[in-house]
Number of protein chains: 2
Amino acid sequence: MTKKTGGPSTYDVAKLAGVSQMTVSRVMSGKGYASENVVARVQEAAGKLGYVPNRIAGALAGKKAALVGVILPAVSNVVFAEVLQGLNEGLAESGLKPVFGVSGYDQQEEERLVRDMLSWQVSGLVLTGLEHTAATRAMLASHSTAVAEVIDVDGEPIAACFGLSHAKAATDMAQHLLTKGYRRFGYVGCNLERDLRAGKRRKAFVETVVAGGGEFVGEACDDAPSSMLHGRVLTDRLMAAAERPEAIYFSNDDMAAGGLMYCLANGLRVPDDIALASFNGLEFLEALPLQITTSRSPRRKIGLLAGHYLALRNDGKDALDKVELSAELISGQTS
Amino acid sequence: MTKKTGGPSTYDVAKLAGVSQMTVSRVMSGKGYASENVVARVQEAAGKLGYVPNRIAGALAGKKAALVGVILPAVSNVVFAEVLQGLNEGLAESGLKPVFGVSGYDQQEEERLVRDMLSWQVSGLVLTGLEHTAATRAMLASHSTAVAEVIDVDGEPIAACFGLSHAKAATDMAQHLLTKGYRRFGYVGCNLERDLRAGKRRKAFVETVVAGGGEFVGEACDDAPSSMLHGRVLTDRLMAAAERPEAIYFSNDDMAAGGLMYCLANGLRVPDDIALASFNGLEFLEALPLQITTSRSPRRKIGLLAGHYLALRNDGKDALDKVELSAELISGQTS
DNA sequence: GTGAAAGCGCTAACAG
DNA sequence: CTGTTAGCGCTTTCAC
């Protein structure tokens with residue numbers, strides 16, 4: 001049972017090394033000059049005591065913490081996990097550590113989390129998408145924390161923004177299907193109320209097919225989180241309607257995989273009876289019997305860019321603050 | 001350009017509310033008594049100023065931060081993403097925030113990360129697996145931080161431990177295959193050097209089939225991270241050998257899915273020509289044309305338990321510190 | 001119930 | 001190059 005926080009402090013190391021506390025601080029942080037002799041003595045003392053600097057104290061004194069807040073809608077979703085991985089890589093060199101929270105696609109919860117992150121004096125913040133509550137925007141405006149919004153670029157960013165145009169990805173896909181000769185389209189999606197990016201894709205898709213001389217014959221949607229099972233059930237529902245589409249656009253790969261299962265189970269020939277297309281280009285698609293036509297989103301890259309941006313901003317440097325990446329259309333066997 | 005850290009402090013709120021700084025602290029933290037009148041005035045002042053408490057200062061004064069360090073081998077891997085999700089849920093009520101790092105299955109890197117987390121004065125730590133460097137163990141022994149080791153229980157935990165016996169999961173699977181009548185076994189795996197759990201499963205599997213009268217005829221392994229593509233390639237390699245197995249155990253679902261693809265592409269009948277079995281029971285398996293026999297690991301539950309444990313320990317309460325969950329064997333269509 | 005004083009462990013700013 | 005002096009914004013501890 002130690003009385004103090006736990007470990008030894010700069011004070012203890014200083015005593016042992018026969019220097020002042022300040023010198024220990026300088027040696028440990030590598031900032032400012034110190035003679036070789038002193039550096040060696042301090043390091044030895046630190047090693048002997050098992051000294052671990054207290055960054056909480058450092059952050060308080062230095063007025064900012066080497067933490068970045070990361071707020072994602074979900075983690076179990078591979079998409080966000082991959083963004084997180086990229087972010088982590090982008091941050092690796094900088095010494096910044098991600099602290100993080102899951103909003104569950106809820107802007108109120110996001111607001112709460114932003115407040116929380118701000119209370120940790122994070123030097124940077126990563127938010128998903130461009131839509132936030134007024135209070136969130138207000139907080140961010142009054143605090144000088146660097147903010148990077150990721151994944152979406154269709155809207156007004158607070159400051160920096162790294163992602164792709166979901167509208168464009170959907171438009172491209174619509175065009176692709178029109179070019180292939182499909183004219184009667186359907187849509188199957190989940191979680192549209194909350195997943196704003198999926199909503200933007202749906203809207204752009206419908207507009208493009210209609211503008212391109214196609215017909216939008218129906219859709220099956222649901223508020224539940226997306227999954228293969230839901231994709232299968234909703235595809236069933238859509239196909240049971242009077243007017244069957246020739247091609248279905250899904251809110252994402254999970255849903256499309258479910259749709260494909262429905263088709264296989266019901267003896268529908270893909271793409272002759274029904275064409276399928278989706279969004280994300282996740283790795284698991286490779287395991288399916290048919291390669292689904294989809295748009296690959298640069299998830300890791302998005303995280304990486306955001307990480308680099310926050311790392312540079314943390315060093316007081318300027319950085320590229322808006323990068324629009326593009327989704328690569330993968331023309332598979334289902335269209 | 002504000003001079004101070006950024007936001008208003010308890011001092012500013014106190015002035016506006018006409019009370020002392022200490023009273024503001026009490027009202028904000030909800031600890032200690034305060035008259036209704038005072039509470040109202042303080043809250044109004046705080047609201048008006050957009051006061052956000054500085055938890056860094058709070059942590060320094062209170063000698064511990066409401067942070068838990070989470071160190072995982074990888075995030076892009078769904079398995080860990082799901083553990084993380086559970087952890088997040090388990091921590092939600094407690095006010096503890098996860099700070100996190102990715103070790104890349106490297107114990108040296110884990111050691112570095114542990115030091116880092118400790119420097120943030122985290123009140124708890126989540127580590128993956130039971131194997132750590134001596135230095136990591138030493139640091140943990142001298143700091144009083146609560147530690148929860150997750151995913152694996154086959155070994156000596158530092159303190160608390162939530163996971164499953166990978167040896168048992170593999171033994172069960174071996175038994176299952178023996179019962180089904182298979183006698184000649186093979187193994188396909190990736191990343192065994194680093195993923196110690198996969199190594200434990202492999203070892204237990206081989207031992208059990210041999211002990212049960214079966215024969216282990218060969219394996220194909222690789223040090224790369226696991227993926228469907230590798231599963232396919234390595235299965236090809238294994239099947240090209242002189243002695244073909246009747247059943248293959250894979251290091252995980254990704255690899256098995258790749259194996260299944262190999263079989264389908266090469267006209268092998270599953271399970272008649274070759275049976276396949278794996279570990280994890282990830283959701284994407286549902287999308288495959290055949291349901292693969294696997295063991296479902298309780299990933300979310302593991303995270304949840306660890307979160308609850310750390311939350312309780314943070315409140316100074318005692319808590320269940322060792323829970324061995326079991327993997328559910330899912331007998332699919334590939335065995 | 002509320003306030004005043006002290007200090008958490010570190011770093012910024014200035015001496016020397 | 002190294003030491004001294006002040007805090008950072010909060011909580012702990014003790015008065016009142």
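A, B, ... follow the sequence lines: proteins, then strands. Residue 1 opens every chain.
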> Nearest nucleotide by nearest heavy atom, which residue falls closer to the 5' end of DNA chain C, Ala61(B) or Ser35(B)?
Replying inline: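 Nearer the 5' end of the strand: Ser35(B).
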> Does any non-hydrogen side-chain atom of Val70(A) lie less than 4.5 Å from one of Val99(A)?
Replying inline: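 Heavy-atom side-chain distance check fails, nothing below 4.5 Å.
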Can you check the [X] [atom1] to [N] [atom2] distance for me, whole Å?
{"X": "Gln121(A)", "N": "dC10(C)", "atom1": "CD", "atom2": "C1'", "result": "15 Å"}
{"X": "Tyr33(B)", "N": "dG1(C)", "atom1": "OH", "atom2": "C1'", "result": "10 Å"}
{"X": "Lys15(A)", "N": "dG3(D)", "atom1": "NZ", "atom2": "P", "result": "16 Å"}
{"X": "Asn37(A)", "N": "dT2(D)", "atom1": "CG", "atom2": "C1'", "result": "13 Å"}
{"X": "Lys63(B)", "N": "dT12(D)", "atom1": "NZ", "atom2": "C1'", "result": "8 Å"}
{"X": "Leu60(A)", "N": "dG7(C)", "atom1": "CG", "atom2": "P", "result": "17 Å"}
{"X": "Lys64(A)", "N": "dC10(C)", "atom1": "NZ", "atom2": "P", "result": "18 Å"}
{"X": "Ile56(A)", "N": "dC8(C)", "atom1": "CD1", "atom2": "P", "result": "16 Å"}

>> Could you check whether atom NZ of Lys301(B) has more than 12 heavy atoms from other residues, nucleotides or ligands sitting under 6.0 Å from it?
In response: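 Counting other residues, nucleotides and ligands, NZ of Lys301(B) stays at 12 neighbours or fewer.
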> Can you say whether the rings of Phe100(A) and Phe100(B) are parallel (under 30°), tilted (30 to 60°) or perpendicular (over 60°)?
Replying inline: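 Judged by the thresholds at 30° and 60°, the geometry between Phe100(A) and Phe100(B) is parallel.
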>> Please check this pair: side chain of Glu149(B) against backbone of Ile158(B), looking for a donor-acceptor N/O pair closer than 3.5 Å.
In response: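 Between the backbone of Ile158(B) and the side chain of Glu149(B) there is a qualifying donor-acceptor contact (under 3.5 Å).
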> Would Arg55(B) and Asp116(A) count as a salt bridge (Lys or Arg N to Asp or Glu O under 4.0 Å) if you check the C-alpha gap in whole Å, the side-chain angles of each, and the deciding distance to 0.1 Å?
Replying inline: CA-CA 9 Å; Arg55(B) 299 220 198 189; Asp116(A) 224 85; 3.1 Å; yes
> Are Thr133(B) and Glu111(B) close enough that a side-chain donor and a side-chain acceptor fall under 3.5 Å?
Replying inline: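 On atom types as modelled, these side chains qualify, holding a pair under 3.5 Å.
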> Side chains of His132(B) and Glu110(B): do they bring a donor and an acceptor to under 3.5 Å?
Replying inline: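 Checked: His132(B)/Glu110(B) side chains pair up, N/O donor to acceptor below 3.5 Å.
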> Does a salt bridge link Glu109(B) with Arg112(B), judged by any charged N lying under 4.0 Å from a carboxylate O?
Replying inline: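 Looking at Arg112(B) together with Glu109(B), the answer is yes, because their closest N to O distance falls below 4.0 Å.
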> When you measure from every atom of DNA chain D, which of residues 17-25 of chain A have a heavy atom less than 4.0 Å away?
Replying inline: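 Contacts with DNA chain D under 4.0 Å: Val19(A), Ser20(A), Met22(A), Thr23(A).
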> To the nearest 10 degrees, what angle separates the axes at the start and end of the helix from dG1(C)-dC16(D) to dG16(C)-dC1(D), five pairs each?
Replying inline: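 The angle, to the nearest 10 degrees, is 30°.
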> If you look at every strand shown and take non-hydrogen atoms under 4.0 Å, does Arg26(B) touch a base, only sugar-phosphate, or nothing?
Replying inline: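 Here Arg26(B) touches the bases of the nucleic acid.
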>> Does dG9(C) have OP1 or OP2 under 4.0 Å away from a side-chain N or O of Thr10(A)?
In response: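 No.
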>> Strictly below 4.0 Å: does Tyr11(A) bring a side-chain N or O up to OP1 or OP2 of dG7(C)?
In response: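 Answer no for this pair, as no side-chain N or O of Tyr11(A) is under 4.0 Å from OP1 or OP2.
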Pairs of donor and acceptor atoms involving the side chains of residues 309-321 of chain A, under 3.5 Å and at least two apart or interchain, shall be tabulated with distances.
{"residue": "Tyr309(A)", "atom": "OH", "partner": "Arg313(A)", "partner atom": "NH1", "Å": "3.1"}
{"residue": "Asn314(A)", "atom": "ND2", "partner": "Ser123(A)", "partner atom": "OG", "Å": "3.2"}

